[in-house]
Asks: 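Structure provided below as structure tokens; questions to follow.
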Amino acid sequence: MSGPRVRFAPSPTGFFHVGSARSALFNWFVARQDPEGVFILRIEDTDTERNREEWVDGIVSAMNWLGMHPDEGPFRQSDNAPAHAHALSSLMAAGYLYFCDCTGEVVTARKGADKTPGYDGFCRDRALGPSATAAYRFRAPSGGEIVVSDDVRGDVSFSHDVIDDFVVAKPSGAVLFALANVVDDRADRITHVIRGEEHLPNTPRQILLWEALDEASGEKIAIPHYAHLPVLVNEQRKKLSKRRDPVAVEMYRDQGYLPEAFVNYLALLGWSPRGDVEIVDSDTCIQQFRLSDVSHSPAFFDVKKLAHLNGEYIRALPLEQFVQRCSPWTSPWTSPWRSEQAPPWSDAQFDEDRFAKIAPLVQERVALLSDVPAMVDFLFLDAPLFDDAAFDKTIRRDSVAQELLTKAIEKFGEVDWSATALHDCTILLGESLQLNLRKAQAPIRCAVTGRLVGPPLFESLELLGRDVVLSRIEAALTKAAA
RNA sequence: GGUCCCAUCGUCUAGUGGCCUAGGACAUCACCCUCUCAAGGUGGAGGCACGGGUUCGAAUCCCGUUGGGACUGCCA
């Protein structure tokens, strides 16, 4: 007995969506649970109007980033066109299909007040032949019902009467999603169809097609298990939309989310590991994941929680790892890929050793790797990037602060240049002006780093060196006087 | 409108008839730690949508109501 064969079948019509990523992940879990499991990537590119090759690259690279490597594929649905055409003609030959040249308006007008949804079956018995306007419709059965047994939800039944004679191919013979998907799943011997809840209404039709194909092709293939995952929603509880919501996986990568954190978070949407733990690696997920444990209700994609998780993962990184993983944001010129956000410093200004020294202090302060540059830019730039509001408040409009800075130039000129000595020196400096350390460090921090927040000040000063620190304080005093 | 799905703190969830005085996590609030900001520590507030049943016993089972969602394409 071979293992499960699952597929992730996105259509390349936009950025790689977080909801798609979650579907892919759950498929991947199921495949990896069995040593013989197979995870297939199939690009569903039959909608030539909207597909773009660049989106295919996006899907592949995002999946690669997340560590979900397909065992087979990427296949192109379009490469399977001959099989689709063959399925179409055998279904037609077996009487499952008929031609229909009704336009949407004609159908609506004819139905009038009739509230039954879908096509009214007008062309069912007209025995039309192929033409430039005749689409292929499936002769849906009437009476009785069809039961979808769903591994997540249990049995869901649909009355045959609500399944209309749906279109399976355009007049050109171009096969549409419902059929193409089934033909490919049969060819790939898919055992589990794990996809978003939005496909649940398609499922009875696809089962009908599957059975029709069993008959028409003379080859009976076991119907796969189906599992429909709850949708991901936004704060308004609407399905995440490519237009309104930040759903592009690529964007999260660019912002400095770690793939392992992202995968962990995705796994938590609609599922949870055993016990009171949430931070789990993918091996644990693979081991524990069961489709029957997946939640039935929609989940809100909470970026705040994602960010928190990411911070946890960042802090858990060994220091060298952290430094290395910062490179797309800190030294993109040596990195295998670069963030769209370039650092404010140049290749020549960046000092790897200096960054390595400040890194441990930065590591525990950031939730996103893209937050790193703003935290350390003062170490590499010739002059700090000033936060004007902070400068005005802490230095320009504060004469005591300026007095403190003036004294600092003198004291810092002769102190031992170490973080602890600078710390003690600043305490004394503050005391001489009735300022506690909290107050005393602020103008120095602002003068030297340009900001009021950042890594611990005295370690920063030590790294910067006496000459730079003194000249920055002088520059700040000059700037305040201007 | 029709079909289908769903319903535990603001959010993600644990919970499969007694272990529930409903647990954890994010967010939030307070305090502690502290050179800023974080991180960390301690504590607090906060939920079974509602109404009926079934049962000795219901967050858990059944029915109804209400509310939300998906779908309703010659898209996928």
Side-chain angles (χ1 to χ4, degrees), chain A residues 9-13 44-47 49-51 77 100-104 115-119 133-137 148 150 152-153 156-159 161-164 166-172 174 176-178 180-181 195-204 228 230-231 233 235 237-239 265 268-279 295-309 311-312 315 361-367 371 375 390 394 419 422-423 426-427 430 436-442 444-446 449 451-460:
Chain A
S11 59
T13 54
E44 304 231 326
D45 57 353
T46 51
D47 184 356
E49 303 271 302
R50 298 192 302 158
N51 293 327
Q77 186 159 63
C100 165
D101 61 2
C102 300
T103 63
K115 63 277 162 216
T116 327
Y119 185 62
T133 54
Y136 297 67
R137 280 190 190 273
V148 176
D150 189 298
V152 169
R153 290 155 204 280
V156 182
S157 53
F158 296 83
S159 163
D161 298 331
V162 302
I163 302 173
D164 70 338
F166 55 97
V167 172
V168 297
K170 296 186 188 186
S172 65
L176 264 17
F177 163 77
N181 193 250
R195 66 214 318 192
E197 185 190 356
E198 64 271 21
H199 285 294
L200 187 51
N202 287 325
T203 309
H228 290 95
V231 290
V233 297
E235 261 172 313
R237 298 253 122 212
K238 299 283 188 200
K239 189 169 83 161
Y265 181 66
L268 258 23
L269 290 173
W271 180 76
S272 64
R274 302 183 43 164
D276 283 336
V277 291
E278 291 193 321
I279 299 195
S295 153
H296 296 188
S297 44
F300 169 57
F301 187 87
D302 185 355
V303 180
K304 284 210 183 91
K305 182 152 184 173
L306 206 210
H308 168 83
L309 218 50
E312 297 269 11
R315 275 172 259 127
L361 301 175
V362 173
Q363 184 176 10
E364 60 186 19
R365 287 176 165 71
V366 294
D371 290 341
M375 198 146 274
T394 358
L422 285 160
H423 174 262
T426 305
I427 290 178
N436 59 23
L437 185 55
R438 179 189 177 86
K439 288 281 190 190
Q441 59 88 37
I444 300 171
R445 179 184 295 279
C446 186
T449 73
R451 296 191 177 84
L452 292 180
V453 300
L457 180 61
F458 305 109
E459 283 80 353
S460 301

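Convention: sequence-line order gives letters A, B, ...; per-chain numbering from 1.
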Asks: Rounded off to whole Å, could you give me the OH-to-P distance for the A:Tyr119 and B:U3 pair?
Replies: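 Whole-Å distance recorded here is 22 Å.
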Asks: Could you work out, with side chain to side chain contact (heavy atoms under 4.5 Å, CB included) as the rule, every residue matching A:Glu197, not counting sequence neighbours?
Replies: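 So A:Glu197 forms a side chain to side chain contact (heavy atoms under 4.5 Å, CB included) with A:Arg153, A:Val231.
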Asks: What integer number of Å spans the P atoms of B:G24 and B:A45?
Replies: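 Taking atom P in both B:G24 and B:A45, they lie 12 Å apart.
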Asks: Both A:Val156 and A:Met375 contact RNA chain B. Taking the nearest nucleotide for each, which residue is further toward the 5' end?
Replies: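 It is A:Val156, whose closest nucleotide lies nearer the 5' terminus.
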Asks: Nearest to the A:Val162 side chain among B:U3, B:U36, B:U8, which nucleotide is it?
Replies: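 Selected nucleotide: B:U3.
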Asks: Identify, with sequence neighbours excluded, every residue that meets ring pair (Phe, Tyr, Trp, His ring centres under 6.0 Å) alongside A:Phe177.
Replies: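 Here the qualifying residues are A:His199.
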Asks: Test of understanding: with side-chain hydrogen bond (donor to acceptor under 3.5 Å, both in side chains), list the residues that count as partners of A:Arg445, not counting sequence neighbours.
Replies: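 If we apply the side-chain hydrogen bond (donor to acceptor under 3.5 Å, both in side chains) test to A:Arg445, skipping adjacent residues, the hits are A:Gln441.
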Asks: Between B:A38 and B:A76, how far apart are the two P atoms, rounded to whole Å?
Replies: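 My reading of the P atoms in B:A38 and B:A76 gives 49 Å.
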Asks: When rounded to the nearest Å, what value does the distance between C1' atoms of B:C35 and B:A14 take?
Replies: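 Going atom to atom, C1' in each nucleotide, I get 42 Å.
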Asks: For the C1' atoms, the ones on B:U72 and on B:G10, what distance do you get once it is rounded to whole angstrom?
Replies: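 The answer is 32 Å between these two C1' atoms.
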Asks: Rounding to an integer number of Å, can you tell me how far A:His296 NE2 sits from B:C4 P?
Replies: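 These atoms are roughly 17 Å apart.
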Asks: With rounding to the closest Å, how many angstrom separate the C1' atoms on B:U13 and B:G46?
Replies: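 Those two atoms are separated by 15 Å.
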Asks: So, does A:His423 get its side chain near the phosphate of B:C35, meaning an N or O under 4.0 Å from OP1 or OP2?
Replies: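 For A:His423, the contact criterion (side-chain N or O under 4.0 Å from OP1 or OP2 of B:C35) is met.
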Asks: Using atom CD1 of A:Ile427 as one end and atom P of B:C35 as the other, report the distance to the nearest whole Å.
Replies: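 So the CD1-P distance, A:Ile427 to B:C35, works out to 7 Å.
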Asks: Going 5' to 3' along nucleotides 65-76 of chain B, which nucleotides have protein heavy atoms under 4.0 Å from the base (write B), which only from the sugar-phosphate (write S), and which from neither (write -)?
Replies: ----SSS--BBB
Asks: Can you check the distance between B:G69 and B:C32, where both ends of the measurement are the C1' atom (answer in whole Å)?
Replies: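 Result for the C1' pair: 45 Å, nearest Å.
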Asks: List the residues meeting ring pair (Phe, Tyr, Trp, His ring centres under 6.0 Å) with A:His423, not counting sequence neighbours, and say none if there are none.
Replies: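 Only A:Phe458 meet the ring pair (Phe, Tyr, Trp, His ring centres under 6.0 Å) criterion with A:His423.
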Asks: Go ahead and name the base partner of B:G64; Watson-Crick or wobble counts if both distances stay under 3.5 Å, otherwise write none.
Replies: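 For B:G64, the partner nucleotide comes out as B:C50, under the 3.5 Å rule.
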Asks: At under 4.0 Å between heavy atoms, how does the protein contact nucleotides 21-29 of chain B? Give one character per nucleotide, 5' to 3', with B, S or -.
Replies: --SBBSS--
Asks: Which nucleotide, if any, forms a Watson-Crick or G-U wobble pair with B:A27, using both distances under 3.5 Å?
Replies: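 Across any shown strand, B:A27 pairs with none.
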Asks: So do the side chains of A:Val167 and A:Arg137 get within less than 4.5 Å of each other, counting heavy atoms only?
Replies: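 Side-chain contact under 4.5 Å: yes.
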Asks: Output all residues satisfying salt bridge (Lys or Arg N to Asp or Glu O under 4.0 Å) with A:Glu459, sequence neighbours left out; order by chain, then residue number.
Replies: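 So A:Glu459 forms no salt bridge (Lys or Arg N to Asp or Glu O under 4.0 Å) with any residue.
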Asks: Provide the closest heavy-atom pair for A:Phe300 versus A:Tyr265 in the form atom of the first, atom of the second, distance.
Replies: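 Scanning both residues, the minimum pair turns out to be O-OH, 3.7 Å.
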Asks: Which is true for A:Phe300 with a 4.0 Å heavy-atom rule: it touches a base, it touches only sugar-phosphate, or it touches nothing?
Replies: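 Sugar-phosphate only.
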Asks: Do A:Tyr136 and A:Leu176 make a side-chain contact, defined as non-hydrogen atoms from C-beta onward lying under 4.5 Å apart?
Replies: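 They are not in side-chain contact.
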Asks: Counting only Watson-Crick pairs (N1-N3 plus N6-O4 or O6-N4) and G-U wobbles (N1-O2, O6-N3), all under 3.5 Å, who is the partner of B:G1?
Replies: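 Answer to the pairing question: B:U72, which forms a Watson-Crick or G-U pair with B:G1.
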Asks: Using the C1' atom on both, measure B:G23 against B:C6 and round to a whole Å.
Replies: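 Between the two C1' atoms, the distance is 23 Å.
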Asks: So what does A:Ala299 hit on the nucleic acid, given a heavy-atom distance under 4.0 Å: a base, only sugar-phosphate, or nothing?
Replies: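 Sugar-phosphate only.
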Asks: Suppose we screen for side chain to side chain contact (heavy atoms under 4.5 Å, CB included). Which residues come up paired with A:Arg438, at least two apart in sequence or across chains?
Replies: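 Partners of A:Arg438 by the side chain to side chain contact (heavy atoms under 4.5 Å, CB included) criterion, ordered by chain and then number, come out as A:Asn436.
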Asks: Touch check for A:Gly270, heavy atoms < 4.0 angstrom, all strands: base, sugar-phosphate only, or nothing?
Replies: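 Counting heavy atoms under 4.0 Å across all strands, the contact made by A:Gly270 is with sugar-phosphate only.
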Asks: With the criterion being N/O to N/O and under 3.5 Å, what pairs connect the protein with nucleotides 45-51 of chain B, and how long is each?
Replies:
none

Asks: Between B:C9 and B:C29, how far is it from one C1' atom to the other, in whole Å?
Replies: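 My reading of the C1' atoms in B:C9 and B:C29 gives 15 Å.
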Asks: Taking side-chain hydrogen bond (donor to acceptor under 3.5 Å, both in side chains) as the test, write out the residues that go with A:Thr203, two or more places apart.
Replies: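 side-chain hydrogen bond (donor to acceptor under 3.5 Å, both in side chains) list for A:Thr203, sorted by chain: A:Arg195, A:His228.
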Asks: Expressed in angstrom and rounded to an integer, what is the separation of A:Asp161 atom CG from B:C4 atom P?
Replies: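 Distance check: A:Asp161 CG to B:C4 P gives 11 Å.
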Asks: Would you indicate what A:Leu457 reaches in the nucleic acid, counting non-hydrogen atoms under 4.0 angstrom: base, sugar-phosphate, or nothing?
Replies: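 Base contact.
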Asks: Using whole Å, report how far CD of A:Gln363 lies from P of B:G40.
Replies: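 A:Gln363 atom CD is separated from B:G40 atom P by 13 Å.
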Asks: Return the 5'-most residue of the pair A:Ser159, A:Glu459 with respect to RNA chain B, ranking by each residue's nearest nucleotide.
Replies: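 Final value for this comparison: A:Ser159.
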Asks: Go through the structure and list residues passing side chain to side chain contact (heavy atoms under 4.5 Å, CB included) with A:Val277, not counting sequence neighbours.
Replies: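 Applying side chain to side chain contact (heavy atoms under 4.5 Å, CB included) to A:Val277 gives A:Val280.
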Asks: Please give the nucleotide sitting opposite B:C37 as a Watson-Crick or G-U wobble pair, both distances under 3.5 Å, or none.
Replies: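 WC or wobble partner does not exist here.
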Asks: Can you tell me the distance, in whole Å, between the CZ atom of A:Phe166 and the C1' atom of B:U3?
Replies: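 These atoms are roughly 15 Å apart.
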Asks: Please name the nucleotide paired to B:G18 by Watson-Crick or G-U wobble geometry with both distances under 3.5 Å, or report none.
Replies: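 Because both required distances fall under 3.5 Å, B:G18 counts as paired with B:C56.
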Asks: To the nearest Å, give me how far apart CD1 (A:Ile163) and P (B:G2) are.
Replies: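 Whole-Å distance recorded here is 18 Å.
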Asks: Can you find an N or O donor on one side and an acceptor on the other, under 3.5 Å apart, linking the side chain of A:Arg153 with the base of B:C6?
Replies: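 Looking at the base of B:C6, it does not pair with any donor or acceptor on the side chain of A:Arg153 (distance under 3.5 Å).
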Asks: Consider the side chain of A:Leu437, meaning its heavy atoms from C-beta on, and name the nucleotide among B:A14, B:C6, B:C35 that approaches it most closely.
Replies: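 Nearest to the side chain of A:Leu437 among the choices is B:C35.
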Asks: For A:Lys305, check side-chain hydrogen bond (donor to acceptor under 3.5 Å, both in side chains) against everything at least two apart and list the hits.
Replies: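 Residues passing side-chain hydrogen bond (donor to acceptor under 3.5 Å, both in side chains) with A:Lys305: A:Glu278.
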Asks: State, with a plain yes or no, whether a side-chain heavy atom of A:Leu200 is found less than 4.5 Å away from one of A:Asp150.
Replies: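 Side chain of A:Leu200 against side chain of A:Asp150, heavy atoms only: contact under 4.5 Å found.
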Asks: Once hydrogens and angles are ignored, does a donor-acceptor distance under 3.5 Å link the base of B:C35 to the side chain of A:Arg438?
Replies: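 Such a pair does not exist between side chain and base.
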Asks: Identify whether any heavy atom of A:Arg315 sits under 4.0 Å from a base atom; if not, whether one sits that close to sugar-phosphate; answer base, sugar-phosphate or nothing.
Replies: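 Sugar-phosphate contact only - A:Arg315 comes under 4.0 Å of backbone atoms but never of a base.
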Asks: Measure from the side-chain N and O atoms of A:Asn51 to the backbone N and O of A:Asp45, and report whether any donor-acceptor pair falls under 3.5 Å.
Replies: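 Indeed, once roles are kept as given, a pair shorter than 3.5 Å links the two residues.
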Asks: Compare every heavy atom of A:Pro273 with every heavy atom of A:Leu268, then report the nearest pair and how far apart it is.
Replies: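 Between these two residues, the closest heavy atoms are CD1-CD, 3.6 Å.
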Asks: Please give, in whole Å, the distance from B:G2 C1' to A:Phe158 CZ?
Replies: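 Interatomic distance, CZ of A:Phe158 to C1' of B:G2: 13 Å.
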